[in-house]
Number of protein chains: 2
Amino acid sequence: MDRLDRKIIAELRRNGRATYAELGRIVGLSASSVHERVGKLEAAGVITGYHAMVDPRTVGLGVTALVGIQPTDTASDEDVADALAELPEVESCYGVAGEEAFVVKVRVPTVDELEHTLGRLRRIDGVARTHTTVVLSTRFEGRPNNTGLDLPEDTGRGGVAS
Amino acid sequence: MDRLDRKIIAELRRNGRATYAELGRIVGLSASSVHERVGKLEAAGVITGYHAMVDPRTVGLGVTALVGIQPTDTASDEDVADALAELPEVESCYGVAGEEAFVVKVRVPTVDELEHTLGRLRRIDGVARTHTTVVLSTRFEGRPNNTGLDLPEDTGRGGVAS
DNA sequence: CGTGAAAAGAACCTGAC
DNA sequence: GTCAGGTTCTTTTCACG
């Protein structure tokens, strides 16, 4: 994981369909070298996939909400997380510190559907209460800005071997 | 935006590097047709881009937090949002209903850096208070599950023409 | 809209340094 | 690790249904 790998990663985060030739031009390497490096980054679990980003509003998902999930005293976090994963409306799920066990991001077509989804969430075994924050505007989301590119070097923690 | 487009979108969300030939096989169309459809979906703003997903821990961003931003009475939301956008640690930014004006997702290498970033957030003009929820585990994030594929048809709201 | 054909380019493998 | 070359597949354009 050197400077070149980080440059490749940054570019692929920006443009996930960049060709190896294109990446090679950017980092000053041949397409085959880039091909091999990217393959290693994928194998090492650094790059976990490539995905098209879709404007949710254009596919009928105009309502977004952040929902905190308070567990019952006897709840198993794993079971609750599994149940949350069952709902396709739940796009992201974070286990968090604090009163709540999870914060999830939910996307639905309408506030009507949001109400139904919240009902479904509350009915999950192990869920005591939910606290919903309705998203009014998405200023930006999942920016590829901070890829550790601008980090001093390595701070000692959390590396995966290459 | 017919059933075929939705199938293409779903597949590109799953695999952003799928070839047109591959997509054609899935939807039962020629590569050129798929090529044209994808071009239209991009032009219409349905597909907004393609991005590599990177495991944040492998690039030195092991700490994630959700931060609610309470504005001062006299704050301009736009100015605060602009200031938030300046910080590369802020990956996502949502304007929300409730006590807080924004909820942002922050990624940093360490809790030390989190402290610094929170300081920077509080020093933004128009920010009165922050409320931080530390993410302990990311169960899943940005799942391509709900692309409106499973929606009955169209519920009337929020469409962009094709 | 859809297609199939054809040129250009990329992916991907191999061999060599 | 990196590269160049060669085969295969994809992209991209275009004339045509």
Counting only side-chain heavy atoms from C-beta out, which of [options] sits nearest to [X]?
{"X": "B:His35", "options": "D:dG5, D:dT13, D:dT2", "answer": "D:dT13"}
{"X": "B:Lys40", "options": "C:dC1, D:dC14, D:dC3", "answer": "C:dC1"}
{"X": "A:Leu29", "options": "C:dC1, C:dT3, D:dC3", "answer": "D:dC3"}
{"X": "B:Ser30", "options": "C:dC1, C:dT3, D:dT10", "answer": "C:dT3"}
{"X": "A:Tyr20", "options": "C:dG4, D:dC3, C:dA11", "answer": "C:dA11"}

- Message: Tell me the closest heavy-atom pair linking B:Gly45 and A:Thr58, and the distance in Å.
- Response: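 Shortest heavy-atom separation between B:Gly45 and A:Thr58 comes out as O-CG2, 4.0 Å.
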- How close do B:Val27 and B:Lys7 get, heavy atom to heavy atom, and via which atoms?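 The pair with the smallest heavy-atom distance is CG1-CB, 3.7 Å.
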Report the distance from atom [atom1] of [X] to atom [atom2] of [N], rounded to the nearest whole Å.
{"X": "A:Met1", "N": "D:dG1", "atom1": "CE", "atom2": "C1'", "value": "17 Å"}
{"X": "B:Glu22", "N": "D:dC9", "atom1": "CD", "atom2": "P", "value": "13 Å"}
{"X": "A:Leu12", "N": "C:dA10", "atom1": "CG", "atom2": "P", "value": "15 Å"}
{"X": "A:Asp5", "N": "D:dT2", "atom1": "CG", "atom2": "C1'", "value": "13 Å"}
{"X": "B:Arg37", "N": "D:dT11", "atom1": "CZ", "atom2": "P", "value": "17 Å"}
{"X": "A:Leu23", "N": "C:dG9", "atom1": "CG", "atom2": "P", "value": "18 Å"}
{"X": "B:Arg17", "N": "C:dA11", "atom1": "CZ", "atom2": "C1'", "value": "10 Å"}
{"X": "A:Glu36", "N": "D:dA4", "atom1": "CD", "atom2": "P", "value": "14 Å"}

- Task: Would you sort out whether A:Arg120 and A:Arg123 count as a side-chain contact (heavy atoms from CB on, under 4.5 Å), showing the intermediate values?
- Result: CA-CA 5 Å; A:Arg120 249 171 268 140; A:Arg123 238 172 282 121; 4.1 Å; yes
- Task: Check if the side chain of B:Ser32 and the base of C:dG2 share a donor-acceptor pair of N or O atoms closer than 3.5 Å.
- Result: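 Answer no: no donor N or O sits under 3.5 Å from an acceptor.
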- Relative to the 5' end of DNA chain C, which residue comes earlier, A:Ala31 or B:Ala31, by the nucleotide with the nearest heavy atom?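 Upstream on the strand: B:Ala31.
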- Task: Return yes when atom CD of A:Glu42 has more than 12 non-hydrogen atoms of other residues, nucleotides or ligands closer than 6.0 Å, and no otherwise.
- Result: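 More than 12 within 6.0 Å, yes.
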- Item | Ion pair B:Arg107/B:Glu141, N-O distance below 4.0 Å |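 Yes.
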- Using a heavy-atom cut-off of under 4.0 Å over every strand shown, decide if B:Ser33 touches base, sugar-phosphate, or nothing.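 Answer is base: heavy atoms of B:Ser33 come under 4.0 Å of a base.
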